[in-house]
Amino acid sequence: MELVISGLGTGILIFFMSVSMTSFLERERRATGISLFAGILISFPFLLPVLLNVKSPDWLSIGLVSIAICWLVIFFIPVRGRIRYTYQRPTNRFDERDTMFSRQTLVPGTKKFEEYYQRKPQNKSPDNKFRRMPGWLKPGSKYHDPILFASARSIFEEVEILHPRVEGIPARVREETDPVAITKTVLQMAGQLGSHSSGITELADYHVYSVGGRGDRYGKVFNVRYKYAIALTVEMDYQLMRTAPAAPTLVESARQYLRSGKIAVELAEFIRSRGYRARAHIDANFQVICPLVARDAGLGEIGRMGLLMTPALGPRVRIAVVTTDLPLIPSSAVPDPAIIDFCRKCEKCAVVCPGQSIPYGEEKEIEGARRWQIDSESCYTYWCHAGTDCGRCVTVCPFAHPDNWFHRLVRFGIRNSAIFRRMAIPLDDLFYGKKPKPRITG
Ligand code: SF4
Ligand code: SF4
């Protein structure tokens with residue numbers, strides 16, 4: 001028995017020391033200190049008899065072993081719990097002209113401006129609020145940094161250079177392809193080009209905006225012209241995102257729009273070279289709603305903040321899509337109700353949101369689907385106050401921690417056990433703070 005107890009004590013100490021070291025490397029000072037302290041405190045009663053060279057009383061030995069077994073059971077024994085969950089598909093198509101990205105391009109006094117607010121008078125007053133702010137990427141905004149804003153602007157300009165390449169004419173000769181083999185090739189290519197995850201779905205009508213809302217696509221009716229969509233994600237750097245809502249997060253956001261855009265454009269060009277039609281959907285040039293496509297391609301679930309929650313990086317990703325008629329095999333999209341269940345209990349993003357734009361409580365019925373819907377008007381108004389694309393919600397999400405052994409273990413526990421899911425929320429608050437402070441530098 002002594003051997004078992006001292007073995008458990010050593011294991012606990014090694015575990016917490018490793019967590020502490022990992023947290024140190026992540027530059028999480030609070031988590032480093034707490035795991036160091038917890039390791040010493042928790043392993044102490046287990047190691048005390050060995051340290052003092054005395055025999056521990058039976059009641060203490062049995063108690064300590066029982067506590068250790070309880071923790072292992074809670075963590076490793078699958079407890080699904082009863083999760084109310086149905087895979088939600090919107091019943092309507094969304095008009096891109098109603099997005100904030102489209103509305104912010106409307107210039108007062110123009111025909112477009114008048115036409116929009118005649119059709120949507122309810123949006124005029126909230127939009128006037130963001131128009132009174134200094135503006136996104138503008139001097140005078142709270143986090144304006146001349147160097148970093150200029151850097152972000154130049155990256156966004158580089159994304160724009162890609163826009164003419166999103167579409168093109170396919171090669172005249174169409175290569176015969178085996179759908180299984182070409183699916184493998186396309187997904188492998190996405191990975192080699194730098195995507196973190198990728199998947200395929202059949203394109204549904206609700207994936208595609210009903211009407212375009214940006215650039216020369218404004219007012220154009222979009223038809224569902226392709227059979228398949230390839231969705232891909234790229235990782236946004238954790239350390240830079242931890243500065244959100246300050247300027248470094250904006251630069252990182254722009255960089256990853258560019259990276260995902262390049263991958264999508266290259267994939268689309270590859271497909272066209274095989275004689276099939278393909279269109280890349282990249283920043284400021286989307287015809288599809290990327291999070292919905294990515295969800296149906298099996299890359300994650302849509303969480304409380306309305307973003308794609310991937311299993312490995314949570315919402316800390318950017319998404320791009322390629323739509324095509326190349327015959328592909330859709331990925332098996334296995335819904336993950338555990339993420340939704342976790343979101344129902346967590347609310348951390350709603351607590352920290354400076355725009356108070358993220359709803360509390362459970363999902364609501366919105367246009368035929370139960371989901372959370374953020375207040376995009378107050379969110380965008382905050383962007384125009386901050387000058388950046390904020391991203392506070394993304395950074396504090398317990399799923400957004402770096403993809404290393406410790407957080408993979410925690411995510412396994414969250415998926416595996418409804419009991420651990422409940423414990424993971426206060427534990428995340430304890431280790432990282434209920435309202436983690438933004439970092440000064442990335
Ligand atoms: S912070 Fe919490 S509630 Fe918000 S998306 Fe992440 S897990 Fe869900
Ligand atoms: S980006 Fe910022 S303002 Fe918008 S929902 Fe997230 S935390 Fe709130």
Side-chain angles (χ1 to χ4, degrees), residues 83 85 99-101 104 126 129-130 133 135-137 141-143 236 238 241-250 252-254 256-257 291 295 300-318 336-364 371-401 407 410-411 413-415 418 420-438:
I83 308 174
Y85 175 86
T99 63
M100 299 314 292
F101 299 109
Q104 56 94 19
K129 278 194 196 148
F130 81 71
M133 296 289 163
W136 181 73
L137 258 178
S141 55
K142 185 169 179 191
Y143 295 103
M236 293 198 281
Y238 180 71
M241 289 308 292
R242 280 287 269 112
T243 65
T249 187
L250 175 66
E252 177 58 8
S253 173
Q256 300 316 330
Y257 272 127
R295 193 269 309 252
E301 292 289 335
I302 309 290
R304 179 180 293 280
M305 59 179 92
L307 300 178
L308 181 77
M309 300 276 289
T310 62
L313 303 170
R316 197 167 45 84
V317 293
R318 284 281 174 243
D336 191 351
I339 290 190
I340 300 298
D341 191 43
F342 190 83
C343 266
R344 283 184 190 141
K345 298 177 175 78
C346 169
E347 297 185 333
K348 197 163 187 162
C349 52
V351 171
V352 301
C353 171
Q356 283 300 292
S357 314
I358 302 177
Y360 290 85
E362 296 217 345
E363 311 97 294
K364 296 213 162 60
R371 63 186 173 102
W372 288 286
Q373 185 178 44
I374 73 154
D375 178 348
S376 54
E377 285 138 1
S378 61
C379 171
Y380 190 72
T381 302
Y382 182 75
W383 286 24
C384 292
H385 162 72
T388 68
D389 48 6
C390 179
R392 266 295 266 157
C393 46
V394 171
T395 338
V396 301
C397 178
F399 277 92
H401 292 298
H407 299 298
V410 174
R411 288 180 196 124
I414 289 172
R415 268 196 309 277
F420 182 74
R421 223 157 26 239
R422 284 187 175 278
M423 300 165 85
I425 297 165
L427 283 175
D428 192 89
D429 289 347
L430 176 72
F431 273 60
Y432 304 98
K434 204 168 174 61
K435 291 182 178 182
K437 283 205 176 73

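Atoms within a ligand are numbered from 1 in the order they appear, just like the ligands themselves. All heavy atoms count here, side chains included; hydrogens, waters and symmetry mates do not.
Within the protein, the N, O or S atoms sitting under 2.8 Å from atom 2 (Fe) of ligand 2 are C390 SG.
The backbone N or O of P359 sits less than 3.5 Å from a side-chain atom of R304, completing a donor-acceptor pair. Of the possible donor and acceptor atoms, one in the side chain of T388 sits under 3.5 Å from a partner among the backbone N and O of P245. Put simply, the side chain of E301 never gets that close to the backbone of I340: no donor and acceptor are under 3.5 Å apart.
Taking R392 as the reference, nothing meets the salt bridge (charged side-chain N to carboxylate O under 4.0 Å, His left out) condition, with sequence neighbours excluded. In terms of the side chain to side chain contact (heavy atoms under 4.5 Å, CB included) criterion, residue partners of C346 (sequence neighbours excluded) are, by chain and number, F342, K348, P398, I425. Annotation: side chain to side chain donor-acceptor pair (under 3.5 Å) contacts of R371 (sequence neighbours excluded): none.
Counting protein heavy atoms only, atom 6 (Fe) of ligand 1 is closest to C397 SG, 2.4 Å. Looking only at heavy atoms of the protein, atom 5 (S) of ligand 1 is closest to M305 CE, 3.4 Å. Residue, atom and distance of the protein heavy atom nearest to atom 7 (S) of ligand 1 are F342 CD2, 3.5 Å. Looking at atom 2 (Fe) of ligand 1, its nearest protein heavy atom turns out to be C346 SG, 2.3 Å. Ranking protein heavy atoms by distance to atom 8 (Fe) of ligand 1, first place goes to C343 SG, 2.3 Å. Looking only at heavy atoms of the protein, atom 1 (S) of ligand 1 is closest to C349 N, 3.4 Å.
Near I358, meaning under 4.0 Å from any of its heavy atoms, are these atoms of ligand 2: 5 (S).
Aromatic ring orientation, F101 versus Y380: perpendicular (interplanar angle above 60°, classes split at 30° and 60°).
Using a 4.5 Å cut-off on side-chain heavy atoms (C-beta onward), W136 and L250 make contact.
In this structure, the separation between CG on L313 and NE2 on H401 is 12.5 Å, given to the nearest 0.5 Å.
Only the side chain of M309 comes within 4.0 Å of ligand 1, judged by heavy-atom distances.
For K345, the NZ atom sits in a packed shell: over 12 heavy atoms of surrounding residues, nucleotides or ligands are nearer than 6.0 Å.
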